[in-house]
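This one's a predicted model, so the numbers in the text were calculated from it and none came from an experiment.
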Amino acid sequence: MTPMPRTPTSRPYHHGDLRAALLESAERTLREKGAGALSLRELARATGVSHAAPGRHFKDKQALLDALALAGYQRLDQALSAASADGHDADFEQHMTALARAYLGFAVDNPELLELMFARKHDPDSSDRLAAAVDQSLGALTRTFADAQERGEIVQGDPERITLVAAASLHGLAALIAGCALDAEEALAGLDAHVHLLLHGLKPR
């Protein structure tokens with residue numbers, strides 16, 4: 001008896017965590033092709049699942065972008081928290097240098113993701129979870145400056161304004177590296193001097 005031909009079936013999905021696999025694939029596309037190349041259909045194809053599968057986790061592309069940005073802020077928060085713990089017993093300048101190194105290291109390793117994180121942060125349709133993650137990671141810097149003010153280690157003033165100045169300086173370095181105007185290793189090697197100038201200013205003393 002001639003066996004019946006087998007009906008083609010979709011490839012079985014072997015990953016243990018579909019959402020994590022989708023995010024990993026999406027971040028790879030973001031890094032290689034940019035946010036414009038992201039789509040749920042292409043993400044399904046790249047991950048080897050049905051076209052409908054990503055919809056179980058992300059209702060649309062904006063939800064996917066929010067999830068990528070959220071994961072980015074969570075990773076940045078982990079890096080900053082680890083640096084803060086390592087520099088907890090150091091003086092404030094050493095503590096700030098450790099935080100700056102963690103931030104710049106993240107920016108150098110994840111330039112496309114960092115750009116998306118900032119873009120989604122300012123989008124009025126971004127999720128409450130994303131807003132909370134932004135406060136957790138970037139808000140930690142503001143609290144670091146406020147604590148230093150209480151200890152008399154830096155000048156008084158609006159800690160959010162001080163945080164903005166510091167963040168702009170560090171993000172400026174990251175932007176120069178991303179634009180190939182500054183070598184990453186050179187920037188990291190000179191970070192101690194950069195933070196020193198940031199904290200003490202240019203006026204002769």
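Residues L198 and L173 are members of separate hydrophobic clusters, defined by side-chain heavy-atom contacts under 4.5 angstrom among Ile, Leu, Val, Met, Phe, Trp and Tyr. In the hydrophobic clustering of ILVMFWY residues, with side-chain heavy atoms under 4.5 Å counting as a link, V155 and V165 come out apart. Under the 4.5 Å side-chain contact rule for hydrophobic residues, F118 and L170 share a cluster. Linking Ile, Leu, Val, Met, Phe, Trp and Tyr whenever their side-chain heavy atoms come within less than 4.5 Å leaves I154 and L164 in two separate clusters.
For CD of E115, the number of neighbouring non-hydrogen atoms (other residues, nucleotides, ligands) closer than 6.0 Å is 12 at most.
In terms of heavy-atom proximity, P54 sits nearest to V49 at CD-CG2, 4.3 Å. Nearest approach of S169 to H194, heavy atoms of both residues: OG-NE2, 2.7 Å. Pairing each heavy atom of A98 with each of A83, the nearest pair is O-CB, 3.5 Å. Considering all non-hydrogen atoms of both residues, E93 and H196 come closest at OE2-ND1, 2.9 Å.
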Applying side chain to side chain contact (heavy atoms under 4.5 Å, CB included) to Q62 and R120, what does each step give before you reach the verdict?
CA-CA 9 Å; Q62 295 307 311; R120 295 305 299 157; 2.9 Å; yes
What verdict does the side chain to side chain contact (heavy atoms under 4.5 Å, CB included) test give for L23 and E27, after you've listed the backbone C-alpha separation in whole Å, the side-chain angles of each residue and the deciding distance to 0.1 Å?
CA-CA 6 Å; L23 284 175; E27 188 172 340; over 6 Å; no
Between L80 and R75, does a side chain to side chain contact (heavy atoms under 4.5 Å, CB included) hold up when you go through it step by step?
CA-CA 9 Å; L80 293 175; R75 277 159 43 195; over 6 Å; no
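Remark: L68 CG to K61 NZ distance equals 10.5 Å, nearest 0.5 Å. Remark: R151 CZ to Q149 CD distance equals 10.5 Å, nearest 0.5 Å. How far CG of L40 is from CZ of R45: 13.5 Å, rounded to the nearest 0.5 Å.
Contact check for Y73 versus R129: no side-chain heavy atoms found under the 4.5 Å cut-off.
Remark: the backbone N or O of L188 is paired with a side-chain donor or acceptor of R101 at under 3.5 angstrom.
For the residue pair T144/H95, the side-chain donor-acceptor check at 3.5 Å is not satisfied. The closest side-chain donor-acceptor pair between H51 and R41 falls under 3.5 angstrom.
One finds no salt bridge joining E32 and R28 here, because no Lys/Arg side-chain nitrogen approaches an Asp/Glu carboxylate oxygen to under 4.0 Å.
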